[in-house]
Amino acid sequence: MPRAYDAASVEQRIYQTWWDAGYFVPRTDPDRQPFCVVMPPPNVTGELHLGHALTASLQDALARWHRMCGDPTLWLPGKDHAGIATQWVVERALAAEGTSRHDLGREKFEERVWEWVRLYGNTIDEQHRRLGASCDWSRLRFTLDPGPVHAVRTTFVNLFDKGLIYRHERIINWCPRCATALSDLEVEYEEQDGKLYHIRYPSADNPDDGVTVATTRPESMLGDTGVAVHPEDERYADKIGGMVTLPIAGRQIPVVGDTAIEMEFGTGALKVTPGHDIVDFEIGERHNLPILTVIGFDGCMTDAAGPRYSGMERFAARDAVVAELEAIGVLEGVEDYHHSVGHCQRCNEVVEPLISLQWFLNVGKHDQPGTIAGNAYGAVVNRDIEIVPDRFSRVYLNWLENIRDWCISRQLWWGHRIPVWYCAACGGHSAHVDDPAACSQCGSADIEQESDVLDTWFSSGLWPHSTLGWPDAQSADLEYFYPNSVLETGYDILFFWVARMIMLGIENTGDVPFRSVYLHGMVLDAQGQKMSKTRGNTLDPLDLLEQYGTDALRFALTTGTAPGNNLRLSDEKLESARNFANKIWNAARYVISVVETRAASGNDELGDWYHLPAPANREDRWIVSRLDGLTAAVNQALSAFELGEAQQKIYDFAWNDFCDWYIEMAKVRLRDAASADAGVAATTLVHVLERSLRLLHPFMPFVTEEIWQNLTARISATGVGLPASIMVSSYPVVDTPRSAPDAESDVEVVMQTVRAVRNMRAQLRIPAGQKLEAAIETNGMGAVVEEAKEVISVLARVEPLRVLDAGESEAMSGISLVVNPLVVRLPLEGVDLQAESDRLRRELDSRRQDETRKEQLLANPNFVSKARPEVVENERQRLRSLTEERQRIEDIIAQLDA
RNA sequence: GGGCGGUUAGCUCAGAUGGUUAGAGCGUCUGCUUUACACGCAGAAGGCCGGGGGUUCGAGUCCCUCACCGCCCA
């Protein structure tokens with residue numbers, strides 16, 4: 001084994017062996033509760049970024065843990081056609097070639113996208129393999145596969161036939177560049193510097209009087225059909241019910257009173273443009289104002305804007321309108337104004353609210369039981385679905401409380417084409433799962449399918465069941481793996497995706513899609529900035545895993561962070577994780593070298609190293625007790641989705657308890673290779689290492705497998721029945737009562753003793769190579785110290801070390817270290833006795849303070865009567881120990897002063 | 001305008017159900033080629049847990065309030 005762990009030389013080889021062995025494919029067992037998680041399907045043309053790496057690391061850790069626990073485990077991978085995103089990418093490619101989708105036509109364009117998918121669609125799968133993702137590639141799904149397509153159509157037709165899907169003309173968010181409708185969620189609001197224009201609309205009966213309105217979008221005034229003021233606004237009391245003249249257009253429009261108007265904002269008068277503003281649309285509905293569309297689907301002014309503006313691009317029209325308003329003297333002022341403007345999530349174009357004929361899903365209201373929204377609301381309120389961390393439950397519920405019908409149609413060519421057919425003969429339309437040959441109402445063959453496609457999230461909303469075979473009720477996978485166990489994803493798509501899956505999952509199957517939702521945070525750069533291509537601060541996970549190793553990348557992404565919290569990724573964090581992989585590697589190299597050396601000299605008996613039911617040696621009892629404590633804590637943390645905590649605990653145990661202390665202590669016993677105790681130590685080393693590897697495997701799959709293979713190849717596993725790979729071995733559980741608090745506290749005293757001597761050596765600047773003479777007063781711990789004599793001697797570099805008999809005391813000439821109950825005497829030459837006395841007095845003072853604090857606490861009758869008994873007992877014991885320690889220091893000072 | 005999160009060591013972050021002396025990584029300082037590891041070892045310094053108030057025998061943890069930063073929704 002090389003001195004340093006070389007990730008590059010092992011990862012791809014190991015991954016291949018796992019896949020070849022079929023470990024990723026679940027072995028279903030009707031008697032066992034399965035574990036199932038579906039991968040959030042990445043865009044089919046996408047490339048792996050750190051968000052994918054994070055989500056995959058977490059899902060893989062969960063999947064590997066459950067698989068090792070013996071649960072039939074399915075991690076189902078897939079990809080999303082990502083309608084608007086993919087169409088956008090291909091359209092850009094076409095533009096570069098000097099052509100467009102309109103030149104190609106719908107069919108040729110679709111074929112072109114499929115070509116693109118065939119070319120780049122596998123990239124991200126390969127990248128997931130590099131990450132070590134243990135997903136079942138034999139079940140890989142694509143949202144445009146026949147199964148999911150069938151599920152989408154079935155869902156649509158069911159909802160259509162129930163009357164919940166309807167077509168309606170309504171104001172929606174429109175992206176003029178993508179030329180499609182967007183859902184509310186696909187609009188991103190950005191704060192921008194703009195202008196607030198004050199425009200006077202003269203009164204119809206008195207052109208010298210009028211109402212001044214304030215707007216950030218003066219071009220939209222061409223579509224105004226009213227002015228609204230608050231009914232209680234005294235400034236406008238005489239205007240309500242009257243008419244004003246719309247400048248430029250010259251139309252007369254009414255002034256209405258509406259309580260939605262904020263009197264404090266602007267002039268307190270709002271121009272109402274029902275055709276181009278969602279709030280105005282609602283005001284218009286309340287007052288029966290006509291709707292005028294002055295901006296078209298192409299982002300240019302329509303004929304309704306008047307001959308001078310018709311055909312003019314909307315922002316050019318803004319300038320022209322302002323100029324004209326100024327010219328005719330109604331522009332009363334312009335002020336700088338900071339406001340938020342909606343942009344297309346995909347192409348960043350400024351979104352235009354427009355009246356348009358679209359398809360909607362009626363989701364009902366959250367407080368109407370039995371509606372889609374009502375069921376989705378109830379599932380979380382009733383805890384049928386648990387969201388981790390819990391605070392996102394409220395975010396989810398708040399969103400549902402304000403939900404509106406979902407605009408599901410998109411004017412795109414790439415996606416699930418809406419399965420509705422219009423009949424030219426009878427004018428009717430109907431929805432069908434299978435393409436019909438003729439009108440279902442009049443039988444005419446003159447039918448045509450709706451040209452719109454569905455919102456991408458409509459199909460991903462079916463993901464937990466559409467991937468498992470729904471609507472085929474006979475599907476074994478659906479029967480066995482639905483509901484999924486966990487849905488793991490980022491909080492940024494809680495509404496887009498998680499909420500839709502809950503809505504459509506319950507609608508289609510009558511059951512929740514998953515039991516738990518685990519939400520992770522966003523990966524930020526070292527400065528806490530969101531990573532984005534435009535900022536140029538993205539890190540490529542492929543580069544990182546080559547540089548640091550996949551295990552290090554995974555560990556860095558998932559350790560030291562709590563669920564739902566963002567994390568900053570830095571070189572330091574990656575280095576630290578890589579160092580940890582290397583630390584484990586080297587600890588293993590040592591243990592393996594011990595096994596090999598012993599085997600070479602015929603000492604290859606390791607006994608029942610796998611179970612190690614009842615170690616006898618104190619140090620072994622200590623490390624095994626610590627290991628069991630770790631095992632319990634890790635299992636508990638994993639059950640609570642606290643993966644970061646679990647990993648931190650393994651890290652601490654492996655590095656501190658095992659490497660820094662146990663291995664170093666074991667070396668002392670291993671010096672006499674022929675001794676029985678050396679064999680016992682070797683056995684414990686193997687036991688602890690092997691279990692630690694299994695604990696760590698879900699998080700660092702590659703290095704643990706590589707070590708595990710190296711280790712198990714060199715040891716006899718008679719009677720254990722070791723599997724061929726660590727990934728199908730069993731996850732450690734605390735199954736034997738090996739807890740040894742006495743050994744833990746005894747070894748703690750030994751470690752404190754070593755630390756105290758080392759500390760003093762450093763303070764006195766005694767070179768590491770120089771041995772020190774020492775004597776220890778044992779005060780009741782004679783047996784422990786006697787047995788640990790060699791360990792203390794070697795680790796603290798004291799020699800000779802005398803263990804004093806009970807009652808025996810050392811004549812005082814040097815330094816005394818109190819490690820209660822022990823006193824370590826270092827009879828150094830030339831110690832300044834006054835300085836030593838001062839040092840001890842300082843220590844005494846600090847001890848007395850602690851003691852006084854404890855005494856006061858225990859003297860408080862409220863504490864003694866109200867605190868839990870075990871807490872009080874704890875404090876009493878602590879006080880006894882402090883008192884004892886204080887007395888020992890006092891004794892030494894007395895000797896010194898004598 | 002409403003809501004959520006954050007504020008803990010120089011930096012980045014952990015700290016279930018309130019309970020010993022608040023932890024880690026990185027960084028800093030002092031030593032060390034101690035045969036698993038310098039991607040390392042040993043030692044050390046560094047914190048009125050954002051401010052204020054409250055509940056409690058006891059608060060980083062629970063409640064109220066204020067401030068600043070970030071995010072979501074409108």
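Numbers restart at 1 for each chain; the letters A, B, ... are given by sequence-line order, proteins then strands.
- Listed candidates were B:C37, B:G43, B:U12. Nearest to the side chain of A:Glu664 is B:C37.
- Taking 3.5 Å as the limit, the base of B:A14 and the side chain of A:Gln647 contain no donor-acceptor pair of atoms between them.
- The two residues A:Gly769 and A:Arg797 come nearest to each other via the heavy atoms CA-NH1, 4.3 Å.
- The side chain of A:Arg3 sits closest to B:A38 out of B:A38, B:C72, B:U30.
- At least one test fails for A:Lys573 against the ring of A:Tyr548: distance under 6.0 Å to the centre or angle within 45° of the axis.
- Of all non-hydrogen atoms in A:Arg391 and A:Asn565, the two that sit nearest each other are NH2-OD1, 3.2 Å.
- Checked against B:G15, B:C37, B:G5, the side chain of A:Asn582 finds its nearest nucleotide in B:C37.
- Cation-pi geometry between A:Arg626 and A:Trp661 is not satisfied (NZ or CZ under 6.0 Å from the ring centre, within 45° of the ring normal).
- When the nearest nucleotides of RNA chain B are assigned to A:Pro767 and A:Arg404 by heavy-atom distance, the more 5′-ward of the two goes with A:Pro767.
- Taking a pair as Watson-Crick or G-U with both hydrogen-bonding distances under 3.5 Å, the stems of three or more pairs touching RNA chain B are B:1-7 with B:67-73, B:10-13 with B:23-26, B:28-32 with B:40-44, B:50-54 with B:62-66.
- Here the side chain of A:Arg578 is nearest to one of B:G40, B:C39, B:G15, namely B:C39.
- For A:Phe863, counting side-chain heavy atoms from C-beta on, the closest listed nucleotide (B:C37, B:G19, B:A14) is B:G19.
- The nearest whole Å value for the distance from the CG atom in A:Leu764 to the C1' atom in B:U30 is 14 Å.
- Atom pair A:Asn579:CG and B:A38:P shows a separation of 11 Å (rounding to whole Å applied).
- Side-chain N/O atoms of A:Arg878 and base N/O atoms of B:U21 include a donor-acceptor pair closer than 3.5 Å.
- Comparing B:U20, B:G5, B:A36 by their closest approach to the side chain of A:Arg391 singles out B:G5.
- A straight line from CZ of A:Phe555 to C1' of B:A24 spans 11 Å, rounded to a whole angstrom.
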Query - Evaluation steps, side chain to side chain contact (heavy atoms under 4.5 Å, CB included), between A:Leu54 and A:Met522 - result: CA-CA 9 Å; A:Leu54 173 60; A:Met522 302 297 111; over 6 Å; no
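- Distances shown here put every side-chain N or O of A:Lys649 at or beyond 4.0 Å from the OP1 or OP2 atom of B:G15.
- Residues A:Asn398 and A:Val871 both approach RNA chain B. Their nearest nucleotides, taken by heavy-atom distance, put A:Asn398 toward the 5′ side.
- For B:A36, its base sits under 3.5 Å from the side chain of A:Lys667 at one donor and acceptor pair at least.
- Comparing atom distances between the A:Lys854 side chain and each of B:G19, B:G43, B:U20 picks out B:U20 as nearest.
- Atoms CG (A:Asn566) and P (B:C4) sit 18 Å apart, rounded to a whole Å.
- Distance, A:Arg394 CZ to B:G3 P: 10 Å, rounded to whole Å.
- Atom CH2 in A:Trp497 sits about 20 Å away from atom C1' in B:C72, given to the nearest Å.
- Whole-Å rounding puts the A:Ile663 CD1 to B:G40 P distance at 14 Å.
- Not one side-chain nitrogen or oxygen of A:Arg761 sits closer than 4.0 Å to the OP1 or OP2 atom of B:A42.
- With 3.5 Å as the limit, one finds no donor-acceptor pair spanning the side chains of A:Asn874 and A:Glu870.
- Close to B:G43, at under 4.0 Å from its OP1 or OP2, lies no side-chain N or O of A:Arg765.
- Atom-to-atom, CD1 of A:Ile592 to P of B:A36 comes out at 14 Å; the value is rounded to the nearest Å.
- In the set B:C26, B:G25, B:G40, the nucleotide with an atom closest to the side chain of A:Glu572 is B:C26.
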